[in-house]
4 protein chains.
Amino acid sequence: MNAPARQRVAVPRPADLPAAVFRQSLMIRFSHCDPAGIVYFANYFDIANGVVEDFVLGALGLDYHEIVGPRRIGLGFAHVECDFLKPGKMGDHLTFAVLIDAIGTASIALMLYAYRDGEPVLAMRLVMVTTSLTVLRACAIPDDLRAAAERYKETCR
Amino acid sequence: MNAPARQRVAVPRPADLPAAVFRQSLMIRFSHCDPAGIVYFANYFDIANGVVEDFVLGALGLDYHEIVGPRRIGLGFAHVECDFLKPGKMGDHLTFAVLIDAIGTASIALMLYAYRDGEPVLAMRLVMVTTSLTVLRACAIPDDLRAAAERYKETCR
Amino acid sequence: MNAPARQRVAVPRPADLPAAVFRQSLMIRFSHCDPAGIVYFANYFDIANGVVEDFVLGALGLDYHEIVGPRRIGLGFAHVECDFLKPGKMGDHLTFAVLIDAIGTASIALMLYAYRDGEPVLAMRLVMVTTSLTVLRACAIPDDLRAAAERYKETCR
Amino acid sequence: MNAPARQRVAVPRPADLPAAVFRQSLMIRFSHCDPAGIVYFANYFDIANGVVEDFVLGALGLDYHEIVGPRRIGLGFAHVECDFLKPGKMGDHLTFAVLIDAIGTASIALMLYAYRDGEPVLAMRLVMVTTSLTVLRACAIPDDLRAAAERYKETCR
């Protein structure tokens with residue numbers, strides 16, 4: 001196949017992921033799927049946001065909803081890219097793994113990989129930008145989030 | 001800002017778009033937005049799919065739903081990337097423009113740009129892969145779609 | 001069929017709708033549909049909210065997004081019921097009609113009917129409650145909305 | 001409040017639910033919520049479909065995705081109604097309970113209740129209709145589903 005050139009995100013095999021990596025399993029539901037019977041691509045981004053919520057809570061130990069709610073710091077994305085490697089189907093059980101690729105002044109780049117029975121299904125890169133929701137502008141990563149992100153990144157080396 | 005390095009998709013100014021470019025306007029709705037009051041990123045991908053439907057119908061002159069339905073040829077994506085440049089808000093009127101970047105054997109790479117009052121709001125690259133929905137494998141672009149895509153690409157040089 | 005008893009919402013024929021009724025047409029998209037190839041029921045509620053947005057703007061002459069945004073008055077629903085009469089399919093063009101059934105102190109009951117080629121596809125009753133988003137409690141319908149709703153209800157008698 | 005008359009679905013207190021009732025807990029996510037900061041009503045219907053999937057699997061012991069997929073029997077809804085009693089917020093943990101209200105020839109009426117800390121948040125009635133996806137018409141409830149539904153209904157008396 002002479003596909004248009006693009007830079008593929010390299011996907012580690014599950015066995016090559018760091019031992020401390022955050023993993024989350026979930027089932028592909030009826031409503032994730034489209035008339036083609038496979039996961040509608042936009043739903044993968046919504047699923048990914050849920051995995052990021054769980055990652056912030058479970059791996060970073062911070063309350064995602066408190067950050068975005070009372071603390072008024074947005075955790076949205078400035079850049080997203082995704083390789084859809086295999087179609088996901090209703091009833092599939094996928095395991096997501098989350099890694100931190102880079103930490104900037106106001107941004108954290110995350111890698112998400114999803115596997116089905118050890119086989120990569122998708123690879124996503126999400127550049128999260130911390131934003132003051134009061135003025136809708138990027139703001140420095142708050143100290144607790146930065147410390148937790150750096151700790152996690154270190155642990156997953 | 002020391003953001004993690006990434007390759008930004010260059011966004012043409014509206015005036016620099018080819019005259020024949022397909023444009024589609026739409027209003028950002030309440031339900032597109034999240035508790036931060038701005039468009040939830042996953043919804044932009046759903047919006048984009050609707051714009052692609054309208055593009056196939058309006059610019060390529062083909063019946064998207066007949067292709068995906070009775071003809072059983074999927075028009076899903078193998079790769080997607082997006083720069084979110086400005087937050088979109090409820091009631092915003094966005095204008096989308098669609099260009100064809102590359103045509104492969106079984107794939108068509110599309111560029112989508114969205115503008116608000118002439119200012120770029122997002123830039124997206126979508127690599128659509130034609131898929132036999134019977135066997136869930138990539139298949140050669142059907143002749144009518146290829147011809148229409150090449151014609152459009154030529155017109156928008 | 002011995003279906004569980006329920007009170008069917010009676011659906012007027014299109015010709016029996018008041019001449020002044022607000023109508024909105026839209027196309028069923030790929031992403032509205034599920035693996036059964038028909039509109040996923042939850043998406044009809046999202047579609048309905050968009051029709052209500054357009055109704056508030058087009059028939060009541062008020063800025064929905066300004067009410068919900070800067071004016072901080074929620075226009076959510078306290079009660080919803082729907083009869084799904086015919087399956088909706090990709091590419092279908094549906095026409096929605098909106099009527100006001102009742103106006104209370106803090107609520108407006110709307111009827112939405114959708115037709116495909118004159119045939120009823122769904123009937124929905126939506127009880128919208130005006131809510132102060134500052135304290136998340138029902139509040140009296142603001143004067144401009146009440147006046148416009150009463151005028152519309154009168155016009156559609 | 002002089003709300004438009006409607007028949008409220010009565011909501012049992014959690015302690016009054018049958019001991020054998022199927023329960024499912026889930027967290028309200030960022031993406032469930034709207035610019036008002038509370039769950040967008042259409043998302044509750046999507047959440048409900050997921051709870052029904054889990055109910056069919058967990059309480060009825062049947063493979064929802066096999067029924068809807070290979071067996072080509074749709075489990076969509078012909079009628080839905082819902083009382084939204086309290087706004088749901090990001091990070092809320094809701095417990096859903098599912099009861100079978102009635103079993104017809106080609107339909108099963110379900111009651112869903114959601115609670116937050118024992119307080120009712122919503123009550124939903126969903127009339128599921130078994131449909132042949134080959135001809136898109138209602139078909140008799142398949143034997144295994146009928147037997148399991150009757151057993152569950154009996155257990156939850």
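Every chain is numbered from 1 and lettered A, B, ... according to where its sequence line falls, protein lines coming before strand lines.
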Just grab all the salt bridge (charged side-chain N to carboxylate O under 4.0 Å, His left out) pairs involving residues 58-72 of chain C, residues at least two apart or on different chains.
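Passing the test, one end in residues 58-72 of chain C: Arg71(C)-Asp144(C).
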When rounded to the nearest 0.5 angstrom, what distance separates CG in Asp34(A) from CE in Met90(C)?
8.5 Å
Could you list the donor-acceptor pairs under 3.5 angstrom formed between side-chain atoms of residues 14-23 of chain A and any protein atom two or more places apart in sequence or on another chain?
from	atom 1	to	atom 2	distance (Å)
Asp16(A)	OD2	Arg13(A)	NE	3.1
Asp16(A)	OD2	Arg13(A)	NH2	3.1

Considering all heavy atoms, the nearest Gly37(A)-Pro35(C) contact:
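Closest pair (atom of Gly37(A), atom of Pro35(C), distance): CA-CB, 4.3 Å.
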Taking heavy atoms only and a threshold strictly under 4.5 Å, list by residue number the residues of residues 40-59 of chain A that touch chain C; give 'none' if the list is empty.
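Residues in range: Tyr40(A).
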Would you please name every residue forming a side-chain hydrogen bond (donor to acceptor under 3.5 Å, both in side chains) with Arg146(C), sequence neighbours left out?
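Listed in chain order: nothing, the list is empty.
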